[in-house]
Amino acid sequence: MTTFLALGECMVELSEAGDGLYRRGFAGDTFNTAWYARRLLPETWTVSYGSCAGEDAVSDEMLAFMEREGIDTSTMRRLPDRTVGLYMISLKEGERSFSYWRSQSAARMLAEDLTWLDGILKGREMIHFSAITLAILPQKSREYFCGALARARARGAIVAFDTNLRPRLWDSPQAMRDGLEMGARTSDIVLPSFDEETDLFGDAKPEDTVERYRALGADLVAVKQGGGDLVLWQRETGHGRVPPEHVPQVVDTTAAGDSFGAGLLAGLARGEAPIDAARGAMRLAARVIQSRGALVPEIFKDHGGAS
Ligand code: ADP
């Protein structure tokens, strides 16, 4: 059995459904990636989500949802004195805005018990995390977390890092830069977005972004540019560019990057060349942004899937 493990925070999502009613869902960047990976990887793969939840009813519901979606939750730690984080999507004149209640969420305890963390990382072929996973951890725990990933990598796991920037979760731009570099240093695969890298590091072109992560030890860097070319670099095959899919109407870009990451990693896991895995990932992300919401099950209704 081969295994894919995503680590981070899955939250309760409340989205406005009219008349003061809210629809409850569960989402979070790395969880979204796990959800897409589950649909793209063969049944011989186990897809697990590693995080912490409470022991209350909503935590039970979150884990039951994950299991129903085919995601293994034996890598979830339950904490009696915490619960899961929550965010609410409000709609005002068609514009979405987000409010968060996550500062005390159970997921922040992800790296407090290193024996448990080392245990769930053991024997994984592919491990995925993001800068949000790092941002929610206290500074010391961030270092412990990356140390545990480095040990898993030394044992042979392929570690992938999505640089998803959320400035509000970091103390300062410098803390965010340091966090990104720490995450990248423990990773084989880095998935940055060029606009964020320009803002934070002043990169003039995507190749500058590639160069920085290559220098930190990555073997593969895929620089996303929304509706622009993907700039791909891999240690053995060098640079490549993949043009975007044509999208007639962008409906909702939520989870574009999360689904892209799942598409790329699943393609690589299936043994595809990086450029082919990237093409499949872009086809998937292009379909995701033509529907509302982070998780789009309709894409997988026609067998053959998205890639
Ligand atoms: P992130 O959400 O991580 O910032 P991007 O916005 O760059 O990432 O989007 C991730 C991927 O989604 C892109 O690499 C591309 O494949 C696809 N994508 C996003 N926006 C568009 C678009 N307007 N047209 C076609 N593909 C898009």
Side-chain angles (χ1 to χ4, degrees), residues 6 8-9 27-37 39-40 87 89 96 98 128-135 160-170 176 179-180 183-184 187 189-201 203 205-210 213 218 220-234 239-268 272 274-296 299 305-307:
E9 179 171 24
D29 67 333
T30 49
F31 173 74
N32 302 340
T33 300
W35 189 92
Y36 282 102
R39 274 146 192 81
L40 298 170
Y87 68 99
I89 308 172
R96 290 150 34 103
F98 295 81
H128 176 70
F129 73 114
S130 78
I132 297 179
T133 313
L134 294 182
F161 178 50
D162 191 324
T163 59
N164 246 333
L165 292 191
R166 294 292 181 278
R168 279 196 301 182
L169 290 175
W170 295 92
M176 195 154 61
L180 279 191
S187 303
I189 297 172
V190 183
L191 309 173
S193 292
F194 182 60
D195 54 349
E196 296 177 341
E197 301 290 318
T198 306
D199 290 348
L200 198 61
F201 294 100
D203 293 353
K205 51 188 192 308
E207 287 75 11
D208 298 343
T209 309
V210 166
Y213 291 119
L220 188 155
V221 183
V223 186
K224 295 165 278 178
Q225 300 193 88
D229 283 1
L230 179 85
V231 174
L232 184 70
W233 171 84
Q234 205 248 346
H239 278 96
R241 264 181 186 262
V242 187
E245 291 287 307
H246 173 64
V247 175
Q249 200 196 353
V250 177
V251 175
D252 178 3
T253 58
T254 306
D258 308 337
S259 57
F260 172 87
L264 182 74
L265 297 177
L268 295 173
E272 292 171 15
I275 197 97
D276 296 326
R279 282 197 193 99
M282 293 177 84
R283 279 198 297 274
L284 171 65
R287 293 189 67 180
V288 169
I289 63 177
Q290 292 178 70
S291 291
R292 203 162 274 294
L295 312 177
V296 186
I299 293 175
S307 56

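Counting starts at 1 for both ligands and their atoms, following the listed order.
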Under 4.0 Å, heavy atoms only, figure out whether ligand 1 is touched by the backbone of E245, its side chain, both or neither.
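Backbone only.
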Nearest-contact summary for [atom] - protein heavy atom, Å:
atom: atom 21 (C) of ligand 1; answer: I289 CD1, 3.4 Å
atom: atom 11 (C) of ligand 1; answer: A285 CB, 4.0 Å
atom: atom 22 (C) of ligand 1; answer: G227 CA, 3.4 Å

Output the list of atoms in ligand 1 that are nearer than 4.0 Å to some heavy atom of [X], sorted by atom number.
X: V250; answer: 23 (N)
X: Q225; answer: 7 (O)
X: A256; answer: 9 (O), 10 (C), 12 (O)
X: G257; answer: 1 (P), 2 (O), 3 (O), 8 (O), 10 (C)
X: M282; answer: 16 (O)

Under a 3.5 Å cutoff, is there a donor and acceptor pairing between the side chains of T254 and R292?
no
Can you check whether [X] reaches [Y] side chain to side chain, under 4.5 Å on heavy atoms?
X: I299; Y: V288; result: yes
X: R96; Y: D252; result: yes
X: L264; Y: L191; result: yes

For the pair W233 and H239, name the ring-plane relationship: parallel under 30°, tilted 30 to 60°, perpendicular over 60°.
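The rings of W233 and H239 sit tilted, inter-plane angle from 30° to 60°.
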Is the shortest N/O to N/O distance between D195 and ligand 1 below 3.5 Å?
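Such a contact does not occur with ligand 1.
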Does the cation-pi check pass for R39 over W35, that is, NZ or CZ under 6.0 Å from the six-membered ring centre and within 45° of its axis?
yes
Minimum heavy-atom separation for A256 to A285, with atom names?
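Closest pair (atom of A256, atom of A285, distance): O-CB, 3.6 Å.
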Tell me the nearest of G226, S193, P192 to atom 15 (C) of ligand 1, using heavy-atom distances.
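Checking each option, the heavy atom nearest atom 15 (C) of ligand 1 is found in G226.
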Salt bridge D229-K224, side-chain N to carboxylate O under 4.0 Å
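Here D229 does not pair with K224 in a salt bridge, since their nearest N and O are not under 4.0 Å apart.
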